[in-house]
Amino acid sequence: MVVFSEDHTQETFRRGRIEVICGSMFSGKTEELIRRLKRAMFARQQVEIFKPAIDTRYSEAEVVSHDNNSIKSTPVETSASILLLGSEIDVVGIDEAQFFDEGLIGICNELANRGVRVIIAGLDMDYKGVPFGPIPGLCAIADEVTKVHAICVKCGDLAYISHRTVADDKRVLLGEKEEYEPLCRRCYQKALRGKSGRETE
Ligand SMILES: Nc1ncnc2c1ncn2[C@@H]1O[C@H](COP(=O)(O)OP(=O)(O)O)[C@@H](O)[C@H]1O
Ligand SMILES: Cc1cn([C@H]2C[C@H](O)[C@@H](COP(=O)(O)O)O2)c(=O)[nH]c1=O
Ligand SMILES: [Zn+2]
């Protein structure tokens, strides 16, 4: 798998395309999104960045990574607001896309059809392992999907899921290391068995 996208033709040539960066929490989605967007800015492209207004974890109006790397963004309530862009925009970045409505899929397609490079970052699965919001649909229509992985905090293997460590079964629960830990498949199954009282392998 190629993690970092350095296809310079795709970076500079104004051709509509959709790039999805997905994975569990702490897998580097936001870092990779910011990296691609900053490179576009260095190339003097017009860049607009959006995030769902509910994501106020680190900042109201910035996309911020767990390592405190940040970039200015516009918080929006619904995906429809993303279409109200000026026609001069070259690149659109969207973080925490799992929190948007399904309408985001059609909107990203429309932007790409207009010639915009759309870069989307989001959780592929919720804490139960169920595909999250518009992300599976976006992966289906994307020109390029990059799946990134955190490190399992129990065994050091590659993590594939964000295990929720607090008792709350709402699907949306904003949080960080207090509420979630990235785990590999084996350690996740073990954690679930522990919760149900069945500790044996
Ligand atoms: N278990 C872990 N595995 C990998 N990175 C981790 C872990 N815990 C904390 N981090 C930090 O999280 C950073 C990635 O943050 P970020 O890009 O915001 O991730 P994401 O958007 O996928 O949640 C890494 O560069 C690393 O410093
Ligand atoms: C798994 C899972 C996560 N969330 C929340 C927790 C965080 O606020 C974000 C993910 O942020 P990150 O940039 O990917 O670290 O989503 C949730 O609401 N429900 C879940 O199941
Ligand atoms: Zn593990």
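Both counts, for ligands and for their atoms, begin at 1 and track the order of listing. These numbers come from a predicted model, not from an experiment.
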*Asks:* Which pair of heavy atoms, one from Ala97 and one from Leu104, lies closest together, and at what distance?
*Replies:*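 Closest pair (atom of Ala97, atom of Leu104, distance): CB-CD2, 3.9 Å.
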*Asks:* Are any of the N/O atoms on Glu96, whether in the backbone or the side chain, positioned under 3.5 angstrom from an N/O atom of ligand 2?
*Replies:*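 Yes: some nitrogen or oxygen of Glu96 is under 3.5 Å from one in ligand 2.
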*Asks:* Do any N or O atoms from the side chain of Glu96 and from the backbone of Lys51 form a donor-acceptor pair under 3.5 angstrom?
*Replies:*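 It does not hold such a pair.
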*Asks:* Among Glu176, Glu32, His66, Glu31, which residue places a heavy atom closest to atom 12 (O) of ligand 1?
*Replies:*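 The residue whose heavy atom sits nearest atom 12 (O) of ligand 1 is His66.
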*Asks:* What I want to know is whether Met25 and ligand 1 share at least one N or O pair that is separated by under 3.5 angstrom.
*Replies:*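 Looking only at distances, the answer is no, because the N/O contact criterion of under 3.5 Å is not met.
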*Asks:* Say whether Lys195 and His163, considering side chains only, have a donor N or O and an acceptor N or O under 3.5 Å apart.
*Replies:*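 Yes, a side-chain donor-acceptor pair sits under 3.5 Å.
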*Asks:* Considering only heavy atoms of Ser24, which atoms of ligand 1 have at least one such atom less than 4.0 Å away?
*Replies:*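 Near Ser24, the atoms of ligand 1 are 22 (O).
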*Asks:* So is Glu179 in contact with ligand 2, going by heavy-atom distances below 4.0 Å?
*Replies:*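 Checking ligand 2 against Glu179, which is what was asked, there is no heavy-atom contact under 4.0 Å.
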*Asks:* Taking C-beta and beyond as the side chain, do Phe132 and Arg171 meet within less than 4.5 Å on heavy atoms?
*Replies:*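 SC-SC contact between Phe132 and Arg171 confirmed.
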*Asks:* Going by the order shown, which atoms of ligand 2 are within less than 4.0 Å of some heavy atom of Val172?
*Replies:*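 Near Val172, the atoms of ligand 2 are 18 (O).
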*Asks:* Is the closest N or O pair between Leu173 and ligand 2 shorter than 3.5 Å?
*Replies:*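 Yes, there is a polar N/O contact under 3.5 Å.
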*Asks:* May I ask you to identify, for Asp95, whether its side chain, its backbone, both or neither come under 4.0 Å of ligand 2 on a heavy-atom basis?
*Replies:*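 Asp95 to ligand 2: no contact under 4.0 Å from either part.
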*Asks:* Under 4.0 Å from any heavy atom of Ser27, which atoms of ligand 1 are there?
*Replies:*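 By the 4.0 Å cutoff, the relevant atoms are 19 (O), 20 (P), 22 (O).
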*Asks:* Which angle, to 10 degrees, forms at the Zn ion (ligand 3) with SG of Cys187 on one side and SG of Cys155 on the other?
*Replies:*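 It comes to 110°.
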*Asks:* Look at Lys128 together with Asp126 and state whether they make a salt bridge at an N to O cut-off of under 4.0 Å.
*Replies:*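 Looking at Asp126 together with Lys128, the answer is no, because their closest N to O distance does not fall below 4.0 Å.
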*Asks:* Check whether any side-chain heavy atom of Arg114 lies under 4.5 Å from a side-chain heavy atom of Leu83, and answer yes or no.
*Replies:*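 Heavy-atom side-chain distance check passes, below 4.5 Å.
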*Asks:* Are any of the N/O atoms in Ser24 less than 3.5 Å from those in ligand 2?
*Replies:*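 No, no N or O pair falls under 3.5 Å.
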*Asks:* With a cutoff of 4.0 Å, is His66 in contact with ligand 2, counting heavy atoms of the residue only?
*Replies:*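 Yes, that is the case, since the closest heavy atom of the residue is under 4.0 Å from the ligand.
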*Asks:* Taking distance alone, with N or O pairs closer than 3.5 Å, would you say Asp126 contacts ligand 2?
*Replies:*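 Looking only at distances, the answer is no, because the N/O contact criterion of under 3.5 Å is not met.
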*Asks:* Under 3.5 Å, N or O to N or O, is Gly175 touching ligand 2 that way?
*Replies:*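 N/O-N/O distance under 3.5 Å: yes.
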*Asks:* Between Asp124 and Lys147, is there a salt bridge with N-O shorter than 4.0 Å?
*Replies:*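 Yes, Lys147 and Asp124 are salt-bridged.
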*Asks:* Determine, using the 4.5 Å side-chain heavy-atom cutoff (strictly less than), whether Val92 and Ile18 are members of one ILVMFWY cluster.
*Replies:*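 Same cluster: Val92 reaches Ile18 through Ile, Leu, Val, Met, Phe, Trp or Tyr contacts under 4.5 Å.
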*Asks:* Does Ala150 reach ligand 1 with a nitrogen or oxygen that is under 3.5 Å from one of the ligand's nitrogen or oxygen atoms?
*Replies:*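 Checking ligand 1 against Ala150, no N or O pair falls under 3.5 Å apart.
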*Asks:* So, regarding Ser65 and ligand 1 (criterion: nitrogen or oxygen to nitrogen or oxygen, under 3.5 Å), is there a contact or not?
*Replies:*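 There is no such contact.
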*Asks:* With a heavy-atom distance limit of 4.0 Å, tell me whether Val148 approaches ligand 1 through its side chain, its backbone, both, or neither.
*Replies:*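 Near ligand 1, Val148 shows nothing, with every heavy atom at 4.0 Å or more.
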*Asks:* Under 4.0 Å from a heavy atom of Arg57: give me the atoms of ligand 2 that qualify, with their elements.
*Replies:*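 Checking each atom against Arg57, I get 7 (C), 8 (O), 11 (O), 12 (P), 13 (O), 15 (O).
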*Asks:* Has Glu179 got a side-chain atom pairing as donor or acceptor with Glu176's backbone, closer than 3.5 angstrom?
*Replies:*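 Flag set: sc Glu179 to bb Glu176 pair under 3.5 Å.
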*Asks:* Would you mind running through ligand 2 and noting each atom that sits below 4.0 Å from a heavy atom of Ser162?
*Replies:*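 Matching atoms, with element in brackets: 1 (C).
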*Asks:* At less than 4.0 angstrom from any non-hydrogen atom of Lys177, what atoms of ligand 1 do you find?
*Replies:*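 Counting atoms of ligand 1 from 1, those under 4.0 Å from Lys177 are 8 (N), 9 (C).
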*Asks:* Examine ligand 2 and decide if any of its atoms is less than 4.0 Å from a heavy atom belonging to Arg164.
*Replies:*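 The answer is yes: ligand 2 sits under 4.0 Å from a heavy atom of Arg164.
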*Asks:* Among the clusters formed by ILVMFWY side chains lying less than 4.5 Å apart, do Ile120 and Val76 turn up in the same one?
*Replies:*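 Yes, it is one cluster - the side chains of Ile120 and Val76 are joined through contacts under 4.5 Å.
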*Asks:* Taking only non-hydrogen atoms of Gln98, do any sit less than 4.0 angstrom from ligand 2?
*Replies:*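 Yes; Gln98 lies near enough to ligand 2 that a heavy-atom distance drops under 4.0 Å.
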*Asks:* Would you check, one step at a time, whether the test side chain to side chain contact (heavy atoms under 4.5 Å, CB included) holds for Ile82 with Phe100?
*Replies:* CA-CA 11 Å; Ile82 298 173; Phe100 280 110; 4.3 Å; yes
*Asks:* Compute the angle centred on the Zn ion (ligand 3) spanning SG of Cys184 and SG of Cys152, and express it rounded to 10 degrees.
*Replies:*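 With the Zn ion (ligand 3) as the vertex, the angle is close to 120°.
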*Asks:* Could you pull out the closest heavy-atom pair between Ile49 and Lys72, with the gap in Å?
*Replies:*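 Result for this residue pair: CD1-O, 3.3 Å.
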*Asks:* At less than 4.0 angstrom from any non-hydrogen atom of Val153, what atoms of ligand 1 do you find?
*Replies:*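 Reading through ligand 1 atom by atom, the close ones are 1 (N).
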*Asks:* I need the minimum non-hydrogen distance between Pro75 and Ala53, along with the two atoms involved.
*Replies:*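 Shortest heavy-atom separation between Pro75 and Ala53 comes out as CB-CA, 3.9 Å.
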*Asks:* Could you see which bit of Pro182 sits under 4.0 Å from ligand 1, with heavy atoms only: side chain, backbone, both or neither?
*Replies:*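 It is the side chain that touches ligand 1; the backbone stays farther off.
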*Asks:* Thinking salt bridges, do Arg35 and Glu31 make one under a 4.0 Å N-O criterion?
*Replies:*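 The answer is no: the pair does not qualify as a salt bridge.
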